[in-house]
Amino acid sequence: MKIKQAISLLLIILTFSFAACSSDDSVNNNASRIKSILRQDYVGDQWYNTYKTTYNYEGNNTMMSSSLFQTASGENWIDAKRSTYTLSDSGHASEQIDQKLRYISESGPLAWVNDMRHTFTYNASGKLVKEEQEVWTSDNNWLLRYKTDYIYDNNAFLISKEYSDWYPVPLLWDTYEKLVYTNNAEGKPVYTECFNNGELLYNETTTYDADGFFLMSEQLSEAFHGTTYVSVRTEQTTLSNGNIDVINKTYYDDNGNITQQSRFVYEYD
């Protein structure tokens, strides 16, 4: 995760749907409002649409007021999830409610049903310090399930992110995964370690171009025979104004063979 505005943090949460111990590999260096992010996967010899998220804003706010997640079906887009935001100011959301399209009975029809609620807490500098997630239950109540804590050093650089599960009995949080960052002088991570229950899952190195924009990251994982290999390579092209253009992610097996290629294409207002 890079030091960034809250809008970028939320866009990552919404769009990439990373597993908890995945780092967010890019920074939008400009405050331009993102209109949509399109994911495409490379299959055979061409790129195919997979899903896209479209963002809506009110007035001059830099934080979105709503978003729509759609999956690709041939040439068509199918609504799958939508989110609405309660803004605490023009650039921060205090709450996000996700809804999914579901059949409300065996005979239909499809309807938007609550799925998850996110509550965001910021420090005095406007940096995100905590996100709590609640799930919608069958008896129409919100149930606390997950928490993410963001920890900063005295320079206000993000140095770790911790993921926890909530156990109502005996009323405690269990931290199961953690990201630890080593930053450069600008507060951007150059080395990341991911731990699951205290065990190192992978480490990641990140490089930047001459202007300080994200260039590439490589995740190193350990193979069964004990050697390490590049499991994920993320590369970013950046527009002249500092906005993300395209993020390319390539996944490898422990023999160096490509197992998957994906890209994320950004569009702005």
Side-chain angles (χ1 to χ4, degrees), residues 1-4 8-27 39 41 118 121 127-133 145-167 170 172-209 212-236 247-264:
M1 176 77 67
K2 308 298 185 284
I3 301 296
K4 66 188 85 172
S8 297
L9 288 165
L10 293 171
L11 288 173
I12 291 292
I13 292 168
L14 280 169
T15 306
F16 294 94
S17 300
F18 284 127
C21 212
S22 293
S23 59
D24 300 341
D25 301 295
S26 58
V27 176
R39 171 173 170 158
D41 291 318
H118 311 253
T121 303
K127 293 185 180 295
L128 183 64
V129 294
K130 182 171 66 174
E131 176 195 353
E132 291 185 342
Q133 299 179 27
R145 288 290 303 275
Y146 313 107
K147 180 181 71 162
T148 305
D149 290 299
Y150 300 81
I151 295 94
Y152 303 86
D153 63 14
N154 292 333
N155 296 313
F157 297 163
L158 185 68
I159 56 174
S160 70
K161 187 165 69 169
E162 298 179 352
Y163 301 88
S164 303
D165 284 332
W166 171 248
Y167 288 92
L172 60 80
W173 288 102
D174 176 43
T175 300
Y176 61 92
E177 288 190 350
K178 183 177 183 179
L179 286 166
V180 179
Y181 306 97
T182 300
N183 300 306
N184 61 18
E186 297 177 345
K188 299 177 181 179
V190 294
Y191 184 73
T192 304
E193 294 176 295
C194 175
F195 297 91
N196 181 278
N197 293 318
E199 180 181 352
L200 180 65
L201 289 183
Y202 69 80
N203 57 64
E204 179 179 275
T205 57
T206 303
T207 56
Y208 303 87
D209 64 17
F213 298 150
F214 177 94
L215 188 62
M216 183 178 69
S217 68
E218 291 185 332
Q219 286 185 18
L220 292 176
S221 300
E222 185 173 329
F224 289 112
H225 44 73
T227 61
T228 58
Y229 67 99
V230 175
S231 55
V232 184
R233 178 177 287 117
T234 303
E235 298 170 286
Q236 176 179 306
I247 296 173
N248 291 282
K249 297 185 76 72
T250 306
Y251 301 81
Y252 303 88
D253 62 21
D254 56 4
N255 292 314
N257 301 310
I258 294 175
T259 60
Q260 180 183 339
Q261 290 177 279
S262 302
R263 69 181 182 187
F264 302 86

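Everything quoted here is computed from the prediction, not taken from an experiment. FYI, side chains are in, hydrogens and waters are out, and symmetry mates aren't considered; it's all heavy atoms of this structure. One-based numbering along the sequence shown.
Taking the side chain as every heavy atom from C-beta outward, Ile151 and Glu162 approach each other to under 4.5 Å. No side-chain heavy atom of Asp174 sits less than 4.5 Å from a side-chain heavy atom of Ser164. Contact annotation: the side chain of Leu179 approaches that of Thr192 to within less than 4.5 Å [non-hydrogen atoms, C-beta and beyond]. Residues Tyr191 and Thr206 form no side-chain contact, since every pair of their non-hydrogen atoms from C-beta on lies 4.5 Å or further apart.
A pairwise comparison of heavy atoms in Ser160 and Tyr181 identifies N-CD1, 3.7 Å as the closest pair. Phe264 and Lys249 make their closest contact through CE1-CD, 3.7 Å (heavy atoms, listed as atom of the first residue, atom of the second, distance).
For Thr259 (side chain) and Tyr251 (main-chain N/O), a donor-acceptor pair under 3.5 Å exists by modelled atom type. Thr234 places no side-chain N or O within 3.5 Å of a backbone atom of Ser217 that could act as its donor or acceptor partner. Without hydrogens or angle criteria, Tyr152 side chain to Leu128 main chain gives a donor-acceptor distance under 3.5 Å.
Side chain to side chain, Glu193 and Asn203 fail the donor-acceptor criterion of an N or O pair below 3.5 Å.
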- Check the pair Glu204, Cys194 against side chain to side chain contact (heavy atoms under 4.5 Å, CB included), reporting the backbone distance first and the verdict last. CA-CA 8 Å; Glu204 179 179 275; Cys194 175; over 6 Å; no
- Under the side chain to side chain contact (heavy atoms under 4.5 Å, CB included) criterion, do Glu131 and Tyr146 qualify, and how do the steps go? CA-CA 8 Å; Glu131 176 195 353; Tyr146 313 107; over 6 Å; no
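By the side chain to side chain contact (heavy atoms under 4.5 Å, CB included) test, Asn255 pairs with Asp253, Asn257, sequence neighbours left out. Residues that satisfy the salt bridge (charged side-chain N to carboxylate O under 4.0 Å, His left out) test with Asp41, not counting sequence neighbours, are Arg39. Judged as a salt bridge (charged side-chain N to carboxylate O under 4.0 Å, His left out), and not counting sequence neighbours, the contacts of Arg233 are Glu218.
Note that CG of Asp165 is 7.0 Å distant from CZ of Arg145, once rounded to the nearest 0.5 Å. For the atom pair OH (Tyr208) and CG (Asn184), the distance works out to 6.0 Å, reported to the nearest 0.5 Å. Between atom CG of residue Asn155 and atom CG of residue Asn183 there is a gap of 9.0 Å, rounded to the nearest 0.5 Å.
In the displayed structure, Tyr167 atom OH is contacted under 6.0 Å by at most 12 heavy atoms of other residues, nucleotides or ligands.
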